[in-house]
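A short write-up of the structure that comes next.
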Amino acid sequence: MDKIRAMVTGVQGYVPEYRLTNKELETLVDTNDEWIYTRTGIKERRILKGENQGTSVMAVEAIKGLLEKTQTDPLDIDLIICATVTPDMPFPATANIIADKVGAKNSFSFDISAACSGFLYAMQVGSQFIQTGQHKKVIVVGADKMSSIVNYEDRTTCILFGDGAGAILLEPTTDELGIMDALLHADGSGAPYLNMKAGGSMKPATHETVDAREHFAAQEGSTVFKFAVTNMADVSAEVMERNNLTSDDVAWLVPHQANKRIIDATSSRMGIGSDKVMMNIEKYGNTTAATLPLCLWDYESQLKKGDNLILAAFGGGFTWGALYLKWAYDPK
C-alpha cells in the first residue's frame, strides 16, 4: 500500500491595512528607524484596528481567500487547526469561532499554542490526520494579533511584533510530495525568558497585575536570541542531514521572521545563500504563528512543483523545529 502524505494544495494570507512604521514608533518610545532596522530588519508592521476585532477576524479572511482560490466547499473541510497565542478569548477555541464564520459546519477544530513555532506544530499535527486516511481536507491557519499583548511603552518588544494570518490547505497524496519529515522540540525551562506573566490560572487578572503591566509579552532578549540562533540553525541542519539534502537540493529556506540576524545565522549554518531565503520581516515584523504561511503566500508565485523547502521556527516556551516540505504545485 502506498504511503499517504499531506501535501499543501493552496496558501493564502491576510494582513490588516494599518501600517505601524518605525517613524511612528519614534513618537512612542525612545528609538529610531536606523536602530530598529539594523538590529531586526523591520521597517513596518501591520496592526489590526477597531473594536471587537480579534485574531479570528484575520484568520477568517485568510481562509475565505484560500477556499475561493482552491475552489473548496467549506462543507468539505474535515478539520481546522488554529495556531495562536492571542486567542479571541480563553475559550472557546478560536478555531471553533473561525469554523463557524467560514461555514465549515462538518469540521472539528482546535487551537495549538506553541508561540512562534505554532504553525510548524500545527502543520505536523494536521499532516498526521491526513496520514490516517480518514481526513481529506485539513486547514492549518497561523494567526496572531500581537498588538493586543504588546506594551507600546516597552521598546524592547514593541518594535518587533505585528498582526497577521496565513492559512494552508492540506490534502492527501501518494506521490513523493508534501510533508516529508519534521523535527519538533520543546524545553519548558525557557519559560522565564519569553512569556506573559499574568492572565492564566496561575496568576489571574487583578488590579495589581494590570497595574504591573503583566498582561503584555515580555522577554529577555539576549537569552532568547542565543537560544534561537543555536536551536533553529541546528534543527534545520539536522532535517537536511537525515534526508540526505545538500544546500544545492534546497530550493528555499522558510524561516520564522523574528530577527534578520537569526535568519542569517540559520541560512549560514545550512550553507544556503540569501537568494534562497524567504524574507518579508521588513514589511510585517514578527507575526508569531503567521510568519511562515505569510512567507509561503508572498513567495507562492516563485515556487515550483517538486521544490524542496525547509521551514524552521523558534518560539517562547521554548519551542522550536524544522519541517521538510516538497512543494506540490506549479504557479498559476
Side-chain angles (χ1 to χ4, degrees), residues 13-50 53 55 57-58 61-62 84-86 115-116 119 142-166 193-196 213 215-226 228-229 232 253-268 274-275 277-299 313-316:
Y14 174 82
V15 290
E17 290 185 11
Y18 188 87
R19 289 174 165 85
L20 176 59
T21 65
N22 291 348
K23 285 294 184 183
E24 184 175 348
L25 281 173
E26 290 178 8
T27 68
L28 301 177
V29 290
D30 182 16
T31 191
N32 62 72
D33 175 64
E34 182 185 9
W35 190 93
I36 296 171
Y37 184 69
T38 57
R39 284 162 179 78
T40 67
I42 302 169
K43 295 291 285 185
E44 62 182 35
R45 62 293 287 147
R46 301 298 185 94
I47 303 297
L48 183 63
K49 297 278 192 176
Q53 300 290 292
T55 293
V57 170
M58 298 181 291
E61 289 301 316
T84 188
V85 291
T86 55
C116 300
F119 190 76
D144 272 300
K145 185 184 177 183
M146 293 304 294
S147 63
S148 67
I149 59 169
V150 165
N151 179 1
Y152 286 97
E153 295 180 2
D154 176 10
R155 68 175 183 174
T156 65
T157 56
C158 73
I159 64 171
L160 300 174
F161 295 103
D163 303 339
Y193 306 110
L194 181 51
N195 59 40
M196 190 170 76
R213 305 178 92 62
H215 296 267
F216 294 118
Q219 72 170 354
E220 190 176 296
S222 60
T223 302
V224 173
F225 180 85
K226 290 173 187 174
V229 165
M232 202 164 110
L253 168 64
V254 190
H256 171 53
Q257 308 287 300
N259 184 303
K260 187 176 183 297
R261 291 182 295 169
I262 297 174
I263 295 170
D264 290 344
T266 301
S267 61
S268 176
S274 59
D275 59 320
V277 178
M278 293 189 186
M279 191 102 68
N280 58 16
I281 190 173
E282 179 175 332
K283 58 182 180 178
Y284 300 143
N286 182 352
T287 55
T288 307
T291 66
L292 296 181
L294 284 175
C295 277
L296 294 175
W297 178 50
D298 274 356
Y299 283 80
F314 181 91

Go through the structure and list residues passing salt bridge (charged side-chain N to carboxylate O under 4.0 Å, His left out) with D275, not counting sequence neighbours. none
Sequence neighbours left out, what pairs pass salt bridge (charged side-chain N to carboxylate O under 4.0 Å, His left out) with at least one residue falling in residues 142-153? E153-R213
Kindly determine whether F314 and I262 satisfy side chain to side chain contact (heavy atoms under 4.5 Å, CB included), including the steps that lead there. CA-CA 10 Å; F314 181 91; I262 297 174; over 6 Å; no
Any donor-acceptor pair under 3.5 Å from T40 side chain to I36 backbone: yes
Taking the side chain as everything from C-beta on, heavy atoms only, tell me whether L25 gets closer than 4.5 Å to C158. yes
Look up atom OG1 in T223 and atom CG in L194, then write down how far apart they are to the nearest 0.5 Å. 10.5 Å
Counting neighbours of CZ on F216 that are heavy atoms of other residues, nucleotides or ligands and sit closer than 6.0 Å, is the number greater than 12? yes
Might you point out which heavy atoms bring V85 and M146 nearest each other, and give the distance in Å? CG2-SD, 4.2 Å
At their closest point, which heavy atom of I263 faces which heavy atom of P255, and how far apart are they? CG2-CG, 3.6 Å
Non-neighbouring partners of Y299 that pass ring-ring contact (aromatic ring centres under 6.0 Å, His included), sequence neighbours left out: W252
Those residues that, when tested against A265, pass side chain to side chain contact (heavy atoms under 4.5 Å, CB included) (two or more places apart): V229
Would you compute the distance between atom OH of Y37 and atom CG of N32 and round it to the nearest 0.5 angstrom? 14.5 Å
Is the closest side-chain donor-acceptor distance between T86 and S148 under 3.5 Å? no
Show me the pairs that pass salt bridge (charged side-chain N to carboxylate O under 4.0 Å, His left out) and involve residues 281-294, at least two apart or across chains. K283-D298
Check whether any side-chain heavy atom of F119 sits under 4.5 Å from a side-chain heavy atom of P293, and report yes or no. yes
Beyond-backbone contact of I149 with M196, side-chain heavy atoms, under 4.5 angstrom: yes
Are any side-chain N or O atoms of N286 and backbone N or O atoms of L160, one a donor and one an acceptor, separated by less than 3.5 Å? no
Looking at Y152 and V29, what are the two nearest heavy atoms and their distance? O-CG1, 3.4 Å
Quick check: closest heavy atoms across Q53 and V57, and the distance to 0.1 Å? OE1-CG1, 3.7 Å
How long is the gap from CE on M58 to OG1 on T55, to the nearest 0.5 Å? 5.0 Å
Check whether any side-chain N or O of N259 sits under 3.5 Å from a backbone N or O of R39 as a donor-acceptor pair, and report yes or no. yes
Measuring only between side-chain heavy atoms, which start at C-beta, is F161 closer than 4.5 Å to T287? no
Quick one: closest heavy-atom pair of I281 and K260, and the distance? CD1-N, 4.1 Å
Can you name the salt bridge (charged side-chain N to carboxylate O under 4.0 Å, His left out) partners of K23, sequence neighbours left out? E26
Within this structure, what is the CD-OG1 distance for the pair E24 and T27, rounded to the nearest 0.5 Å? 5.5 Å
Closest approach of V254 and C295, non-hydrogen atoms and distance? CG1-CB, 3.8 Å
So, using side chain to side chain contact (heavy atoms under 4.5 Å, CB included) as the criterion, who are the partners of K49 when residues are at least two apart? Y18, I47
With sequence neighbours left out, the residues meeting salt bridge (charged side-chain N to carboxylate O under 4.0 Å, His left out) with D154 are none
Mind checking side chain to side chain contact (heavy atoms under 4.5 Å, CB included) for S274 and listing every partner two or more places apart, or none if nothing turns up? none
Side-chain contact, heavy-atom cut-off 4.5 Å: I42 with I159? no
By side-chain hydrogen bond (donor to acceptor under 3.5 Å, both in side chains), which residues pair with T21, not counting sequence neighbours? none
Pick from Q257, M232, H256: which one makes a side chain to side chain contact (heavy atoms under 4.5 Å, CB included) with C116? H256
Give a yes or no answer on whether the side chain of D33 reaches the backbone of K43 with a donor-acceptor pair at less than 3.5 Å. no
Can you sort out the partners of E44 under salt bridge (charged side-chain N to carboxylate O under 4.0 Å, His left out), two or more places apart, ordered by chain and number? R19
So do the side chains of L253 and M278 get within less than 4.5 Å of each other, counting heavy atoms only? no
Partners meeting side chain to side chain contact (heavy atoms under 4.5 Å, CB included) with A62 (sequence neighbours left out): Y14, A165, A167
Are Y284 and R46 close enough that some pair of their side-chain heavy atoms sits under 4.5 Å apart? yes
Carboxylate-amine/guanidinium proximity below 4.0 Å for D163 and R45: no
